[in-house]
Amino acid sequence: MEIGSSSRKIAFERNRNERDIAEKKMRCSVVILNWNGADMLRKFLPSVVKESKGKDMEIVVADNGSTDDSIAVLGDYPTIRIIQFDKNYGFAEGYNKALEEVDADYAVLLNSDVEVTTGWLTTLLSYMDAHKDVAACQPKVLSFTEKEQSGAKKFEHAGAAGGYMDKWGYPYCRGRIRDYVEEDRGQYDNVTDVFWATGACLCIRTDVYKENGGLDGSFFAHMEEIDLCWRLQCRGYRLVCVPESTVYHVGGGALAYDNPRKTYLNFRNNLLMLYKNLPDNRLHKVLAVRCLLDYVAAMQYLIKCEWGNFRAVVKARWDFQHLRKAYKPLREENLQKAIVSYPKTIADRSIIVDYYLRGKRK
């Protein structure tokens, strides 16, 4: 993009904001990772700017090497700090690099396709201030698409009212099991401990994030927030959902839910996460069961002629086997630092059995 008055203005404001930040530590940095999301920025930044004001707050957009007009869009928001990367580092490493440049008590990892509501941020921060043993929390996440199309209040797939995991490593949420998503009727409006908090809107203590290695950059995207939350719980922290805070999420912005690349990352990263974090007395049994269940899933894709997803699962299994040796040091480090060997927020149930054989949807 040619350097014009708009670009000079952005550069000036960025330098000014960086000087201001250096003089005073922020209470909270709302960090939006963007990659070719100009349309999302146009649509959702206004709500974030309006509802996230405060002299000790800042909004940061970390741009993952966008080739669209994202930077030009940010010219309309001179108070927003811009961090520009030379390429797309993915969700995980992109946030790691962004938080290296953040000095705040709290950081909120906020997707660019999220509409926030009044009080969303102060509610999360107040809870964190009052509960020092909580490393991170999330709001209630509802579907922006459903709200726009039908006015319905339905939970959104990525996070809903707090995430859990079953004993075989399958994640699910209060309000979403597999592909079934519930309507929000206030049934999950209590604050509760969760196994994982959504990466779509994750409020976390910045020092805890950095001290515990942040997101696993090799994951690129998918499962990285669950992996981080698992590590944090094993090291003595809690994760919670604070449903008094509400946001609306589009979802599937970077990769559609049925994209084979997404399927590959979900299966591969889930297996790597299990290998990194499960204690010895559970690891081999879980991986054996998952081997069977993963190939059942691959066969289902094959029967439905979803060749891309079939190949994605097979490749994920193959790559996992070849990556185990490289991940062994991370596994050893996690087990050495663990205070809790197996978080109590992992459910002693099989979501696959509940969903497909018992017909449970809630």
Side-chain angles (χ1 to χ4, degrees), residues 28-52 58-66 68 70 73-74 77 80 82-83 85 88-99 102 106-117 120-121 124 136-148 154-163 171 173 175-176 181 196-204 209 214-215 219-226 228-229 241-242 245-257 259 262 265-266:
C28 179
S29 295
V30 178
V31 185
I32 300 170
L33 189 67
N34 173 71
W35 179 69
N36 288 343
D39 290 340
M40 293 296 181
L41 295 175
R42 290 188 184 95
K43 191 174 187 69
F44 295 110
L45 261 185
S47 75
V48 179
V49 172
K50 178 182 177 183
E51 304 297 345
S52 311
E58 68 165 346
I59 300 171
V60 179
V61 174
D63 187 75
N64 242 341
S66 293
D68 66 358
S70 293
V73 171
L74 295 173
Y77 300 93
I80 290 178
I82 304 168
I83 302 172
F85 302 140
N88 183 5
Y89 287 92
F91 184 92
E93 190 60 21
Y95 266 119
N96 287 343
K97 290 176 69 65
L99 264 64
V102 165
Y106 302 105
V108 178
L109 282 56
L110 184 69
N111 278 17
S112 61
D113 59 348
V114 170
E115 179 185 75
V116 302
T117 63
W120 77 283
L121 184 56
L124 297 177
C137 66
Q138 70 158 80
K140 176 163 62 176
V141 184
L142 301 179
S143 169
F144 179 83
T145 302
E146 289 287 345
K147 184 189 75 160
E148 291 293 287
K154 293 190 73 173
F155 289 103
E156 208 281 316
H157 189 277
C173 304
R176 191 272 298 173
V181 181
W196 58 275
T198 178
C201 185
L202 177 69
C203 179
I204 190 166
Y209 182 97
L215 302 171
F219 278 28
F220 190 80
H222 303 299
M223 299 286 169
E224 65 287 304
E225 77 270 41
I226 306 179
L228 174 59
C229 289
C241 175
V242 184
S245 172
T246 301
V247 301
Y248 290 87
H249 182 218
V250 175
L255 288 173
Y257 287 121
N259 187 299
K262 190 183 191 80
L265 290 171
N266 273 325

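Keep in mind that this is a model prediction, so the values were computed, not measured.
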Peer 1: List the residues meeting side-chain hydrogen bond (donor to acceptor under 3.5 Å, both in side chains) with D63, not counting sequence neighbours, and say none if there are none.
Peer 2: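 Listed in chain order: N34, S66.
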Peer 1: Which atoms form the tightest heavy-atom contact between A158 and T198, and what is the distance?
Peer 2: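 Heavy-atom minimum between the residues: O-OG1, 2.9 Å.
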Peer 1: Nearest 0.5 Å please: distance from the CG atom of N64 over to the CH2 atom of W35.
Peer 2: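 The CG atom of N64 sits 9.0 Å away from the CH2 atom of W35.
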Peer 1: Quick one: does N111's side chain have a donor or acceptor within less than 3.5 Å of a partner on C201's backbone?
Peer 2: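 A pair under 3.5 Å: no.
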Peer 1: Of all heavy-atom pairs between I226 and P171, which one has the smallest distance, and what is that distance?
Peer 2: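 Closest heavy-atom pair between I226 and P171: CD1-CB, 3.8 Å.
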Peer 1: Could you tell me which non-hydrogen atom of D68 sits nearest to which non-hydrogen atom of G37, and how far apart they are?
Peer 2: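 Closest approach of D68 to G37: OD2-N, 3.3 Å.
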Peer 1: For the SG atom of C241 and the CD atom of Q138, what is their distance to the nearest 0.5 Å?
Peer 2: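 Output value for this atom pair is 4.5 Å.
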Peer 1: Backbone N or O of G214 within a donor-acceptor pair of the N96 side chain at under 3.5 Å?
Peer 2: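 It does not hold such a pair.
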Peer 1: Looking at C229 and A197, what are the two nearest heavy atoms and their distance?
Peer 2: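 Scanning both residues, the minimum pair turns out to be SG-N, 3.5 Å.
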Peer 1: Can you name the ring-ring contact (aromatic ring centres under 6.0 Å, His included) partners of Y248, sequence neighbours left out?
Peer 2: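 Applying ring-ring contact (aromatic ring centres under 6.0 Å, His included) to Y248 gives none.
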Peer 1: Can you list everything that forms a salt bridge (Lys or Arg N to Asp or Glu O under 4.0 Å) with E115? Sequence neighbours excluded, please.
Peer 2: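 Once residues adjacent in sequence are excluded, the partners of E115 under the salt bridge (Lys or Arg N to Asp or Glu O under 4.0 Å) criterion are K147.
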Peer 1: Apply salt bridge (Lys or Arg N to Asp or Glu O under 4.0 Å) to D39 and list each qualifying residue two or more places apart in sequence or on a separate chain.
Peer 2: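 Once residues adjacent in sequence are excluded, the partners of D39 under the salt bridge (Lys or Arg N to Asp or Glu O under 4.0 Å) criterion are R42.
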Peer 1: Can you list everything that forms a side-chain hydrogen bond (donor to acceptor under 3.5 Å, both in side chains) with N266? Sequence neighbours excluded, please.
Peer 2: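 Once residues adjacent in sequence are excluded, N266 has no partner under the side-chain hydrogen bond (donor to acceptor under 3.5 Å, both in side chains) criterion.
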Peer 1: Would you find a donor on one side and an acceptor on the other, under 3.5 Å apart, between the side chain of T246 and the backbone of K140?
Peer 2: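 Not confirmed, T246 side chain does not pair with K140 backbone.
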Peer 1: Please determine whether side chain to side chain contact (heavy atoms under 4.5 Å, CB included) holds for the pair V116 and V30, giving the CA-CA distance in whole Å, both sets of side-chain angles, and the decisive distance to 0.1 Å.
Peer 2: CA-CA 12 Å; V116 302; V30 178; over 6 Å; no
Peer 1: Please lay out, stage by stage, how F44 and D113 fare under the test side chain to side chain contact (heavy atoms under 4.5 Å, CB included).
Peer 2: CA-CA 6 Å; F44 295 110; D113 59 348; 4.3 Å; yes
Peer 1: Mind checking the OH-CD1 spacing from Y77 to I82? Nearest 0.5 Å is all I need.
Peer 2: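 The OH atom of Y77 sits 12.0 Å away from the CD1 atom of I82.
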Peer 1: Is any side-chain heavy atom of L215 less than 4.5 Å from a side-chain heavy atom of Y209?
Peer 2: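 The answer is yes, as the side chains (C-beta and beyond) meet within the 4.5 Å cut-off.
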Peer 1: Find the distance between OH (Y89) and NZ (K97) and round it off to the nearest 0.5 Å.
Peer 2: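 NZ of K97 is found 4.5 Å from OH of Y89.
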Peer 1: What's the shortest heavy-atom distance between W196 and G159, and which atoms?
Peer 2: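 Reported closest heavy-atom pair: CH2-N, 4.1 Å.
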Peer 1: So, for V102 and S29, which heavy atoms are closest and what is the spacing to 0.1 Å?
Peer 2: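 Here V102 and S29 meet closest at CG1-OG, 3.5 Å.
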Peer 1: Just to verify, what does S112 make a side chain to side chain contact (heavy atoms under 4.5 Å, CB included) with, not counting sequence neighbours?
Peer 2: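 With sequence neighbours excluded, S112 shows a side chain to side chain contact (heavy atoms under 4.5 Å, CB included) to I32, M40, L41, given in chain and number order.
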Peer 1: Excluding sequence neighbours, so at least two apart, what forms side chain to side chain contact (heavy atoms under 4.5 Å, CB included) with K43?
Peer 2: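 Listed in chain order: F144.
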Peer 1: Could you measure the distance from the CD atom of E146 to the NZ atom of K154? Nearest 0.5 Å is fine.
Peer 2: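 Between atom CD of E146 and atom NZ of K154 there are 5.0 Å.
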Peer 1: Kindly write out the residues that satisfy ring-ring contact (aromatic ring centres under 6.0 Å, His included) with Y95, not counting sequence neighbours, or none if the list is empty.
Peer 2: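 Per chain and number, Y95 pairs via ring-ring contact (aromatic ring centres under 6.0 Å, His included) with F91.
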Peer 1: For S52, enumerate each residue passing the side chain to side chain contact (heavy atoms under 4.5 Å, CB included) test, keeping only those at least two apart in sequence or located in another chain.
Peer 2: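 Expected list: V48, I59, W120, L121.
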Peer 1: Atom SG in C137, atom CD1 in I204: separation rounded to 0.5 Å?
Peer 2: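 Here the rounded value is 9.5 Å.
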Peer 1: Please list, chain by chain and in numerical order, all residues satisfying side chain to side chain contact (heavy atoms under 4.5 Å, CB included) with A160, sequence neighbours excluded.
Peer 2: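 Listed in chain order: F155, C173, R176.
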Peer 1: Can you sort out the partners of F220 under ring-ring contact (aromatic ring centres under 6.0 Å, His included), two or more places apart, ordered by chain and number?
Peer 2: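 Partners of F220 under the ring-ring contact (aromatic ring centres under 6.0 Å, His included) test: none.
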Peer 1: Test side chain to side chain contact (heavy atoms under 4.5 Å, CB included) on V141 and V114; report intermediate values, then the result.
Peer 2: CA-CA 9 Å; V141 184; V114 170; over 6 Å; no
